[in-house]
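Just so you know, these numbers use all the heavy atoms, side chains as well, and skip hydrogens, waters and symmetry mates.
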Amino acid sequence: MSGQVFAAFLDIVRRIPAGRVATYGLIAHLAGRPRCARTVGYALAGCQDPTVPCHRVVDRFGGTKPVFDVHGPGTQRALLEAEGVLFRPDGTVDLERCAWDPFSEKQNA
């Protein structure tokens with residue numbers, strides 16, 4: 001994939017508001033690459049730009065990823081909880097309550 005595709009993914013992730021999460025698949029879909037969720041993961045794993053809230057991206061089940069645990073286990077979860085993201089008893093994000101809807105003006109305000 002080209003650097004332009006990675007840049008498109010990162011630009012979309014920058015739009016996710018605090019307290020909301022998006023899935024890798026949604027990011028890929030919004031970038032016009034609906035079958036490239038794994039590539040979104042590669043782009044985020046290599047991202048060193050602090051303006052990109054990579055921690056707000058979770059898997060399709062609401063699962064967090066160990067790639068964020070460079071500062072210790074549970075880093076991604078701690079960052080999300082600090083923003084008010086809710087977790088289910090099984091440790092996954094409550095996507096019904098915390099998923100970002102990029103088409104909702106209310107969520108993006």
Side-chain angles (χ1 to χ4, degrees):
M1 291 265 155
S2 75
Q4 289 177 332
V5 173
F6 276 30
F9 294 154
L10 300 181
D11 286 341
I12 293 165
V13 173
R14 282 187 187 96
R15 294 176 33 214
I16 305 169
R20 296 289 175 183
V21 298
T23 63
Y24 295 98
L26 176 62
I27 302 302
H29 177 76
L30 293 172
R33 304 282 183 157
R35 299 185 54 86
C36 293
R38 186 170 292 184
T39 308
V40 173
Y42 295 141
L44 297 183
C47 180
Q48 298 296 314
D49 185 343
T51 68
V52 181
C54 297
H55 66 283
R56 295 183 187 149
V57 183
V58 297
D59 69 25
R60 64 188 171 138
F61 303 110
T64 59
K65 298 297 171 200
V67 70
F68 293 99
D69 291 344
V70 294
H71 301 292
T75 301
Q76 184 180 15
R77 181 178 177 141
L79 290 168
L80 292 172
E81 286 180 329
E83 294 181 356
V85 172
L86 303 173
F87 283 77
R88 296 183 214 136
D90 68 358
T92 59
V93 170
D94 185 341
L95 292 174
E96 288 182 19
R97 297 172 72 187
C98 298
W100 173 53
D101 177 357
F103 306 105
S104 170
E105 288 185 34
K106 182 179 178 183
Q107 279 191 14
N108 297 311

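Taking the side-chain contact (heavy atoms from CB on, under 4.5 Å) definition, one finds that A18 meets it with R56, E83, sequence neighbours left out. Residues passing the side-chain contact (heavy atoms from CB on, under 4.5 Å) test with R38 are Y42, sequence neighbours excluded. Partners of A22 by side-chain contact (heavy atoms from CB on, under 4.5 Å), not counting sequence neighbours, listed by chain and number: I16, L26, I27, W100.
Hydrophobic clustering (side-chain heavy atoms under 4.5 Å, transitive across Ile, Leu, Val, Met, Phe, Trp, Tyr) groups V52 together with Y24.
For the residue pair C36 and A28, the shortest heavy atom distance occurs at C-CB, 3.7 Å. Of all heavy-atom pairs spanning V57 and Q76, the tightest one is O-NE2, 2.9 Å. Of all heavy-atom pairs between P53 and V13, the closest is CG-O, 3.4 Å. Across all non-hydrogen atoms, the minimal contact from A43 to F9 is CB-CD1, 4.0 Å.
A distance of 12.0 Å separates CG in L95 from CZ in R60, rounded to the nearest 0.5 Å. The CG atom of L80 sits 11.0 Å away from the OG1 atom of T75 when rounded to the nearest 0.5 Å. Atom CG of residue D49 and atom CZ of residue R14 lie 5.0 Å apart, to the nearest 0.5 angstrom. Atom CZ of residue R15 and atom CZ of residue R20 lie 14.5 Å apart, to the nearest 0.5 angstrom.
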Test log, rule side-chain contact (heavy atoms from CB on, under 4.5 Å), inputs F6 and T39: CA-CA 8 Å; F6 276 30; T39 308; 3.5 Å; yes
side-chain contact (heavy atoms from CB on, under 4.5 Å) for F87 and T64? Distances and angles first, verdict last. CA-CA 11 Å; F87 283 77; T64 59; 4.1 Å; yes
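The side-chain heavy atoms of I12 and V40, taken from C-beta on, include no pair separated by under 4.5 Å. Put simply, the side chain of L10 reaches to within 4.5 Å of the side chain of L44, judged on heavy atoms.
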